[in-house]
Amino acid sequence: MYPCGNCRAAAVGPDGRCAACGVYQQQAAGMAPGMAPGMAPGPAPAYPYAPAMPAAPMPVGGVDLRRGLRIALMTALGVSTAVLLFVFWTDTQTRAAIQDMLDNGVTSTTEQDIQDTDAAATIAAVLNFLTLAASAALWAVWFRRARINAEFFAPGSHRFGIGWAAGAWFTPVVNFWFPKQIVNDIYKASVPPGARAPKGLLNAWWTLWIASGVCAMVSSVLGASAGARIAAKGYDGSSWREDVEALKNSANVSAFGTLLMIAAGVLALLVVRQLGGLQERRATAGPAVAPGMPGMPGMPGAPVHAGAPYGAPGYAPGQQQPGGPAAGWPHPPQNPYGSGPAGY
């Protein structure tokens with residue numbers, strides 16, 4: 001049984017709403033608030049917010065399919081990928097300047113080239129940090145929204161709580177595998193009934209993302225250790241060439257990692273687009289409930305009790321028999337699409 005998309009109550013009828021919130025579905029379907037339960041309402045989507053009903057307001061706790069955040073994230077990822085191309089160019093320039101120093105020795109010209117490439121690399125690093133920070137902030141918000149939608153599609157089937165959808169990315173060590181498990185669960189819950197979750201694009205993106213992060217760490221360690229040795233020894237002595245060679249290796253690893261991150265950025269943009277499309281189709285497909293399941297309201301073969309309250313086992317719209325409340329039910333007959341007695 002799905003929780004109410006508005007108040008999250010446990011007792012939910014076939015329209016996805018509890019008794020207190022059922023009027024929302026009634027309005028979305030074009031049915032007057034006082035329409036009798038036996039009258040056939042117009043078609044209504046299975047979830048409280050979907051593209052099929054753009055005029056209806058989005059209820060609190062419902063499926064959120066607004067595209068503004070997704071478009072902003074895709075734009076930020078595109079800008080960040082473009083900045084990474086600039087970072088890759090500075091990496092190649094740094095490698096060329098270091099190779100020139102190794103070939104021609106330490107001269108005023110080679111030192112000036114190194115300083116120029118360092119300045120360009122600093123500008124690229126600042127731009128990369130700003131665009132990456134903006135993309136990370138939008139990603140965390142979008143990813144959490146996708147996780148909430150997935151919980152609505154398949155409640156109780158996820159390995160991590162909603163809070164981990166944002167926190168897992170910023171928690172050291174576990175951020176190497178927790179986010180992937182979370183997104184796997186989101187994909188599994190977001191595919192339309194009967195379909196299989198696509199894995200190729202998702203796995204390729206995650207592999208490139210982790211590989212680029214490892215390359216960035218290795219490059220940072222190589223560059224920091226070589227820079228510290230050069231600063232301590234100066235440019236005199238017999239070992240400076242080995243230290244400068246280590247700097248060149250750091251630049252090579254950095255350039256390779258940047259290429260991987262560029263590819264990961266492109267794939268991340270495609271993942272956002274793919275997952276958004278999956279959740280839109282899943283929202284319009286309706287709850288995946290096994291047909292004929294005993295006791296499920298509105299399903300064939302389910303028992304129907306006279307006067308059963310909305311959302312209780314056995315209730316189905318249009319099948320409640322007249323004659324007042326069921327035995328033992330102390331309240332007046334309930335309007336299945338309202339929050340009070342019939343005719344309220």
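For this chain, numbers begin at 1 and follow the sequence in order.
Under a cut-off of 6.0 angstrom, the local environment of CZ in Arg159 is crowded, with over 12 non-hydrogen atoms contributed by other residues, nucleotides or ligands. With a 6.0 Å radius and a threshold of 12 heavy atoms from other residues, nucleotides or ligands, Trp209 has its CH2 atom at or below the threshold.
The two residues Phe170 and Ala166 make their nearest non-hydrogen contact at CD1-O, 3.1 Å. Taking each heavy atom of Leu260 and Ser212 in turn, the nearest pair found is CB-CB, 3.8 Å. Ala189 approaches Ala154 most closely through the heavy-atom pair CB-CB, 3.7 Å. Closest of all the heavy-atom pairs between Ala146 and Leu275 is CB-CD2, 4.1 Å. Contact between Val174 and Thr171 at its shortest, heavy atoms only, is CG2-CG2, 3.4 Å. Closest of all the heavy-atom pairs between Gln279 and Ser190 is NE2-OG, 3.1 Å.
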CA sep, side-chain torsions, deciding dist, call: Ile148, Asp64, side chain to side chain contact (heavy atoms under 4.5 Å, CB included):
CA-CA 8 Å; Ile148 294 174; Asp64 191 344; over 6 Å; no
Please test Val183 against Phe143 for side chain to side chain contact (heavy atoms under 4.5 Å, CB included), starting from the C-alpha separation and ending with a verdict.
CA-CA 8 Å; Val183 75; Phe143 195 73; 3.8 Å; yes
Tell me, with the steps shown, if Val221 and Met217 meet side chain to side chain contact (heavy atoms under 4.5 Å, CB included).
CA-CA 6 Å; Val221 171; Met217 289 188 292; 5.6 Å; no
Show your reasoning for whether side-chain hydrogen bond (donor to acceptor under 3.5 Å, both in side chains) applies to Gln181 and Asp185.
CA-CA 6 Å; Gln181 292 178 331; Asp185 292 342; over 6 Å; no
Intermediate values then yes/no, side chain to side chain contact (heavy atoms under 4.5 Å, CB included), Trp206 and Leu267
CA-CA 9 Å; Trp206 184 255; Leu267 294 184; over 6 Å; no
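Between Trp205 and Trp139, the ring planes are tilted. Angles from 30° to 60° get that label.
The closest side-chain heavy-atom distance from Val83 to Leu130 is not below 4.5 Å. Counting heavy atoms from C-beta outward, Val79 and Ser135 have side chains that stay 4.5 Å or more apart. Residues Phe153 and Val63 form a side-chain contact, since some pair of their non-hydrogen atoms from C-beta on lies under 4.5 Å apart. The shortest distance between side-chain heavy atoms of Ile114 and Met101 falls below 4.5 Å. Between Arg196 and Val191, the closest side-chain pair of non-hydrogen atoms is not below 4.5 Å.
Side chain of Trp169 to backbone of Ala165: a donor-acceptor contact under 3.5 angstrom is found. A donor-acceptor pair is defined here as one N or O able to donate and one able to accept, closer than 3.5 Å; no such pair exists between the side chain of Ser219 and the backbone of Ala216.
In this structure, the separation between OG1 on Thr94 and NZ on Lys248 is 13.5 Å, given to the nearest 0.5 Å. The distance from atom CD1 of Ile71 to atom CZ of Arg273, rounded to the nearest 0.5 Å, is 11.5 Å. For the atom pair CD1 (Ile262) and CG (Leu85), the distance works out to 4.0 Å, reported to the nearest 0.5 Å. Residue Leu69 holds its CG atom at 9.0 Å from CH2 of Trp142, rounded to the nearest 0.5 Å. The distance from the OG1 atom of Thr117 to the CD atom of Gln93 is 8.0 Å, given to the nearest 0.5 Å. A distance of 10.5 Å separates CD1 in Ile210 from CH2 in Trp177, rounded to the nearest 0.5 Å.
Evaluation of the salt bridge (Lys or Arg N to Asp or Glu O under 4.0 Å) test over residues 115-139, restricted to residues two or more places apart or in two chains, returns none. Pairs engaging residues 252-268 under the side-chain hydrogen bond (donor to acceptor under 3.5 Å, both in side chains) rule: Asp91-Ser254, Asp91-Thr258, Arg95-Asn252 [sequence neighbours left out].
Of the options Asn175, Thr207, Asn203, a side chain to side chain donor-acceptor pair (under 3.5 Å) to Lys180 is made by Asn203 and by none of the others. Test Arg282, Glu280, Arg70 against Leu65 for side chain to side chain contact (heavy atoms under 4.5 Å, CB included) and you get one pass: Glu280.
In terms of hydrophobic clustering, with Ile, Leu, Val, Met, Phe, Trp and Tyr side chains grouped at heavy-atom distances under 4.5 Å, Met261 and Leu77 are assigned to different clusters. Under the 4.5 Å side-chain contact rule for hydrophobic residues, Val126 and Ile123 do not share a cluster. Under a hydrophobic clustering in which Ile, Leu, Val, Met, Phe, Trp and Tyr are joined whenever their side-chain heavy atoms come within less than 4.5 Å, directly or via other members, Val141 and Leu73 fall into the same cluster. Residues Phe256 and Leu208 share a single hydrophobic cluster, defined by chaining ILVMFWY side chains whose heavy atoms lie under 4.5 Å apart. When hydrophobic clusters are built by joining Ile, Leu, Val, Met, Phe, Trp and Tyr residues whose side-chain heavy atoms come closer than 4.5 Å, directly or via intermediates, Leu84 is not grouped with Met74.
Applying the ring pair (Phe, Tyr, Trp, His ring centres under 6.0 Å) test to Phe178 and every residue at least two apart in sequence or in another chain returns Phe160, Trp164.
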